[in-house]
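Residue numbering restarts at 1 for every chain, and letters A, B, ... go by the order of the sequence lines. Quick note: numbers below take in every heavy atom, side chains included, and nothing from hydrogens, waters or symmetry partners.
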Amino acid sequence: MGRLTTLLWAVEHHECDVENEVICAPENVNILFEYKEPWFSVGPVNFTRTSFLIFLAAAVVIGLLYFGLRRNRLVPTKFEAAIQSLVEFVRDGIARDIIGPEGVRYTPYLLSIFMLILVGNLFELAPLINFPITSRMALPAFLSLITYVIFVFVGFKKNGIRYLTDTAWPKAVPIGLRWLVGLIEIVSTFILRPITLAVRLFANLVAGHLMLSLLLGSGIAFVLAVGEIGPKAGIGVVWFAFGLLMFVFELLVGVLQAYIFTLLTAVYIQTSIHPAH
Amino acid sequence: MSTRLWMAILAQEEAEPSSNVSLVLPETNELIAGIVAFLIVFFFVWKWAMPAINRTLEARQKAITGKLEDAERAKNEAENLRKDYEQQIADARSKGNDLIEEARKAAEAMKADMIARAQAEAEGIVSKAREEAAQEKSRAMGEARREVANLSIDLAERVVGKNLDREAQLGLVDQYIAELERG
């Protein structure tokens, strides 16, 4: 089943040299992110702890939406009101406000990625899970690929070949700079956008998980080693306090990154519909 | 809890962590899980969650609109009722004023009538009394005149010592009195 949670890697593996070091750090940080041992296999595909967490995130999203929306009540409970306002926020605050009235049709996709990324990010903070599935490249890469396919498809569908020519030859720019701006636009739109979209999410969550694992893991390791190292175990208290601060900060990052990913997806779709802007 | 215990509980065979490059590349197993999980979520949202939220919000909108319309209607009704009542009160007041005015007029007419009647009656009584007094007076005068005439004749008979022709003498006396009255 693998390590219970990567937060406790230092404790689990007794890797930390508490006598000579001031913080525990693994030799290879990948150990904090990789769960390769399969629970079971379907043909060549291994089902790992990360696979399980990805499906768990999907189940949590479906559960939240199901219990939030199943009853068509005039006066919702607090939970129902929260879920409904979340859905309304994605539909009105992101889809309609960014893309325009025609943007409402993209709400199912925007809501799906928002909820999945949000839950995936907050897995970092969930007890016993303590691992954001978005700190693995699979989900960010796949979702930004879908976003890429959608906004390129929409661009050509709405504007035909002018989508490409208007991007490469922006008429609003003075002629002398037009080729340069066009080149930058082409590269940024068709090459950098999907990469930055995926990497922004992935890197933020990797950093967060790294910080939390090192701080909380070191904190626990040093405090538990109080018998061996005496007063030096106090370092553990400091690391743990920092870790708790980061914990709150990661809550903000998790929500913000989910919002940013969804918002940028909407912005990209909007610029494909109106490339002149 | 000692770290050895943790080791005992959690010691598992650990796959060797791969090189750092692999951290930024998606792993096939996770990619497949991610694709399947996303598709499940997307179809659930598309086929169930969106219709559900639209239904709920529409129902709520309808209910709120209905409530607002009801409130508007009730307000209008109340306004109409108020106007009706005000109208009725105004009517009643003017009717009351009319009644009072009428009553006042009737009372005045009655008063005038009564005064007139009382005056007429008083005048009647006075004139009747005056008439009676005059009658009485003339009757008394007549009697007095007869008495005076008789006395005068009696006196004259005694003075003369013989019976006078009473009838002729009476005529004479009357004539005399009449002359007195005239003179």
Side-chain angles (χ1 to χ4, degrees), chain A residues 1-4 8 11-14 26 28-31 33-38 45-48 50-52 54-55 57-58 61-62 65-66 69-74 76 84 87-88 91 107-109 111-113 115-116 133 136-143 146 199 202 206 221 224-225, chain B residues 1-70:
Chain A
M1 197 171 154
R3 286 156 293 142
L4 192 58
L8 299 175
V11 186
E12 290 164 22
H13 295 278
H14 207 203
N28 186 339
V29 293
N30 287 14
I31 194 177
F33 295 92
E34 289 185 336
Y35 298 85
K36 292 205 164 169
E37 58 279 29
V45 180
N46 290 334
F47 192 87
T48 63
T50 308
S51 313
F52 167 73
I54 290 171
F55 284 112
V61 169
I62 289 174
L65 291 175
Y66 177 74
L69 304 177
R70 78 184 151 147
R71 261 179 294 203
N72 185 7
R73 266 202 280 221
L74 207 57
Q84 285 167 13
V87 175
E88 274 183 274
R91 190 189 66 178
T107 308
Y109 175 64
L111 184 63
S112 300
I113 61 173
M115 294 293 284
L116 201 55
I133 52 174
R136 301 294 288 152
M137 198 45 164
L139 213 53
F142 171 63
L143 294 182
I146 297 183
V199 169
F202 158 79
V206 165
L224 288 181
Chain B
M1 198 185 296
S2 79
T3 51
R4 285 186 185 284
L5 186 58
W6 276 106
M7 290 281 291
I9 296 170
L10 300 164
Q12 307 282 341
E13 244 181 274
E14 196 64 57
E16 269 302 296
S18 45
S19 73
N20 283 325
V21 175
S22 80
L23 192 61
V24 295
L25 294 177
E27 189 172 306
T28 317
N29 294 325
E30 295 168 5
L31 199 55
I32 290 167
I35 291 170
V36 174
F38 168 76
L39 290 178
I40 293 171
V41 168
F42 178 72
F43 276 100
F44 175 78
V45 169
W46 185 32
K47 290 295 179 195
W48 189 87
M50 291 316 293
I53 186 88
N54 288 338
R55 225 172 22 241
T56 302
L57 295 181
E58 262 166 37
R60 192 171 303 163
Q61 197 174 16
K62 212 176 283 173
I64 291 170
T65 314
K67 288 259 156 52
L68 286 178
E69 276 168 5
D70 284 356

Is there side-chain contact between [X] and [Y], with at least one heavy-atom pair below 4.5 Å?
X	Y	result
A:Leu111	B:Met50	yes
B:Thr56	A:Gln84	yes
A:Thr48	A:Ser51	yes
A:Met137	B:Glu27	no

For [X], is it the side chain, the backbone, both, or neither that has a heavy atom closer than 4.5 Å to a heavy atom of chain A?
X	answer
B:Ile64	neither
B:Lys67	side chain
B:Ile32	side chain
B:Phe38	both

Proximal component of [X], with respect to chain B [non-hydrogen, under 4.5 Å]:
X	value
A:Ile133	neither
A:Phe202	side chain
A:Tyr66	both
A:Leu139	side chain
A:Arg70	both
A:Val45	both
A:Leu116	side chain

Apply the test side chain to side chain contact (heavy atoms under 4.5 Å, CB included) to residues B:Phe44 and A:Val61: give CA-CA distance (whole Å), side-chain angles for both, the deciding distance (0.1 Å), then the verdict. CA-CA 10 Å; B:Phe44 175 78; A:Val61 169; over 6 Å; no
Heavy atoms only: give me the nearest A:Ile54-B:Ala37 pair and the separation to one decimal. CG2-CB, 3.5 Å
Heavy atoms of B:Pro26 and B:Leu31 approach each other most closely as CB-CD1, 4.2 Å
Interface residue of largest heavy-atom contact number with chain A, from B:Asn29, B:Thr28, B:Ile40, B:Val36, under 4.5 Å: B:Asn29
CZ of B:Phe42 to OH of A:Tyr109: how many Å apart, nearest 0.5 Å? 9.0 Å
